[in-house]
Amino acid sequence: MRIMIQEAMNEIKRGVAEIIDVERIEKLLKDYFENGKNYYVKAGFDPTAPDLHFGHTVLLQKMAVLQKCGAIVQFLIGDFTGMIGDPTGKNETRKKLDKETVLKNAESYKEQVFKVLDPTKTEVMFNSLWLEELGASGIIELTTTFNVARMLEREDFEKRYKSQAPISISEFLYPLLQGYDSVAMKCDIEMGGTDQKFNLLMGRQLQRTYNVGKEQAVVMMPLLEGLDGVNKMSKSLGNYIGVTDEPSDMFGKVLSISDDLMWRYYELLSALSLEAIATCKDDVATGKVHPKVAKENLALELVTRYHNVDLANAAKEEFNNVHKKNELPTDIKEFSCDGPIWIAKALVDCKISPSTSQSRRDIKQGAVKINQEKVSDEQLQLEQGEYILQVGKRKFAKLKVI
RNA sequence: GGUGAGAUACUCAAGUGGCCAACGAGGGCAGACUGUAAAUCUGCUGAUUUUUAUCUUCGAAGGUUCGAAUCCUUCUCUCACCA
């Protein structure tokens, strides 16, 4: 029994940035393994963007691990708090979404989330349910539990306060409301990114204040770096790999990360054991395994997870055809138009160039190819026929000139 | 409420009457090199088949002028200092 708990703990601790109250998690595990008692793990998500990317899955995967150890996941959609916008981002106050949209978003969340989480051990919840009921008096009461000095301890607020950047009062409410969620949900563990530390601890604090009878443990996951290897993965920065990305896109994006970053992805995203990863890393360092092969394996694993093995292998083959052998991808978007047409215009029509000016620049640089042949004449007219147009290494289009 | 400062392209940031489609940096795109990458080097980075040109763009609207991102007026927004 003790060994089981120990093993579970090790698996849970893998890759996490910080755990607060490890003892409590151990107790929960013990209660599960000995008495089969479940416990609740909360994680909050934004209601506006049901586009999950690998950054989110770091958290989801950890929750999936916990599900195997008796956790019921409370998948919280912050439809109420979404109005305020978490101060950690630069988000300004947002408009409240109508119910219909929220429910629709929730549905698409489910589609994506259950590729990782076990649906039988997951409850989807909305915080408007209890926060709306709280009312003005409830919110005022909530604010009395905390003072401004403490609030300003939050790193983000402290910085802005010192540099005299504006802090909106509503922003103070965000951590309080998120914390109140923990009270309403009576969760045992809350998960979040390291940037959420303050908010996560708030939940713990408020559970005590409101006499919930338990104080949630906190598991913080590191923020996964995006494709650029510097900034955290986010949709707005465009450096993300979405769980709904097409197999070939997903494969290509994974292959495009730097060698250093690959190990980070291995640690946080792969299902391989840490020992296996360490071995692989050694083999790459000693030259036994080519770094590209290691990266391909990672990409295969991830594409398989969100699609399937066949598509993953197809994506790999496709990738090597296009990039290694310089062949053409299999599915190229097709267009047709009346001819004759000026090459620069054709590229714009096929959406592989933003403007004819840009087309001309690209032609001058030798970045444009027709049927694998470099184009040197920027005045070129395309007569009747079918052409494969290409800009750079990645942008392709098939054009039929009538 | 009072006073002062500011708003320039994707972002930061120069420019204070013509040589400004606007220095520079980052980012992005492309070429070389590679493992598709990273690093490095190079070019490009408002639009337009008039390309040593034309048109649109420097918070918004007017005005002065042969000519304005630059000067004047009003407005909008942001910031700072004081209360």
Side-chain angles (χ1 to χ4, degrees), chain A residues 89-90 92-93 160-168 225-232 234-241 245 247-266 280-281 283-285 287-300 302-303 315-330 337 339-370 372-382 389-397:
Chain A
K90 289 166 197 161
E92 274 305 301
T93 310
R160 287 201 277 162
Y161 186 66
K162 276 191 181 152
S163 64
Q164 294 177 320
I167 301 170
S168 155
E225 292 82 358
L227 298 175
D228 53 32
V230 181
N231 298 303
K232 72 168 180 179
S234 84
K235 204 186 172 195
S236 51
L237 291 173
N239 61 354
Y240 70 103
I241 307 178
D245 280 359
S248 54
D249 280 351
M250 196 182 277
F251 194 93
K253 282 184 185 175
V254 174
L255 264 284
S256 79
I257 63 174
S258 74
D259 287 1
D260 285 341
L261 192 60
M262 159 168 75
W263 302 115
R264 183 100 173 124
Y265 277 40
Y266 255 115
C280 180
K281 197 172 176 179
D283 287 348
V284 168
K288 226 160 120 188
V289 171
H290 196 289
K292 193 193 168 204
V293 173
K295 216 181 279 176
E296 274 175 346
N297 290 340
L298 177 67
L300 280 174
L302 294 172
V303 177
K316 176 180 167 182
E317 201 178 314
E318 168 99 6
F319 186 88
N320 282 327
N321 282 342
V322 176
H323 295 284
K324 203 173 181 180
K325 301 179 196 158
N326 256 327
E327 284 173 14
L328 298 167
T330 48
C337 69
I341 183 167
W342 178 38
I343 174 67
K345 183 84 173 43
L347 296 174
V348 176
D349 286 351
C350 293
K351 306 206 165 66
I352 51 178
S353 183
S355 67
T356 54
S357 299
Q358 184 63 47
S359 298
R360 300 170 65 139
R361 279 184 219 114
D362 286 336
I363 293 169
K364 258 181 213 156
Q365 294 196 105
V368 176
K369 288 181 191 160
I370 295 178
Q372 315 269 50
E373 298 281 325
K374 213 172 253 182
V375 176
S376 52
D377 176 17
E378 61 178 72
Q379 305 297 327
L380 185 72
Q381 297 287 332
L382 297 180
L389 307 178
Q390 183 181 354
V391 179
K393 282 174 192 153
R394 292 177 190 207
K395 283 166 278 186
F396 297 91

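Throughout, a chain's letter reflects where its sequence line sits, starting with A, and its residues are numbered from 1.
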Tabulate protein N/O versus nucleotide N/O from nucleotides 21-29 of chain B, keeping only pairs under 3.5 Å, one per line.
none

- Query: Got A:V391 and A:Q358 here, is their nearest side-chain heavy-atom distance under 4.5 Å?
  - Reply: no
Exercise for the section: Examine B:U48: is either OP1 or OP2 under 4.0 Å from a nitrogen or oxygen in the side chain of A:S355? Give yes or no. Expected result: yes
Partner of B:C75 under the Watson-Crick or G-U wobble criteria, both distances under 3.5 Å, comes out as B:G59
Closest to the side chain of A:R361, out of B:G35, B:U45, B:U48, is B:U45
Worksheet item: Under 3.5 Å, side chain of A:Y266 to main-chain N/O of A:A294, donor-acceptor pair present?
Response: yes
Is the ring pair A:H323/A:F319 parallel, tilted or perpendicular, if the boundaries are 30 and 60 degrees? tilted
Of the listed B:A30, B:U49, B:G35, the closest approach to the A:T356 side chain comes from B:U49
Across every strand shown, the nucleotide meeting Watson-Crick or G-U wobble geometry with B:G35 (both distances under 3.5 Å) is none
Does A:Q390 use its side chain to pair, donor to acceptor, with the backbone of A:G392 at less than 3.5 Å?
-> yes
For B:C66, the nucleotide meeting Watson-Crick or G-U wobble distances (both under 3.5 Å) is B:G18
Hey, does A:L380 have a side-chain heavy atom less than 4.5 Å from the side chain of A:I370?
yes
Side-chain contact check for A:K295: nearest option of B:U51, B:A37, B:U48 is B:A37
Among B:U49, B:A38, B:A30, the one nearest any side-chain atom of A:A367 is B:A30
Using Watson-Crick geometry (N1-N3 plus N6-O4 or O6-N4) or G-U wobble (N1-O2, O6-N3), each under 3.5 Å, B:C81 is paired with B:G2
Paired with A:E378, the salt bridge (charged side-chain N to carboxylate O under 4.0 Å, His left out) test is passed by just one of A:R361, A:K345, A:R360, namely A:R360
The Watson-Crick or G-U wobble partner of B:C10, with both key distances under 3.5 Å, is B:G26
A:K393 has its side chain closest, among B:U51, B:A47, B:C33, to B:C33
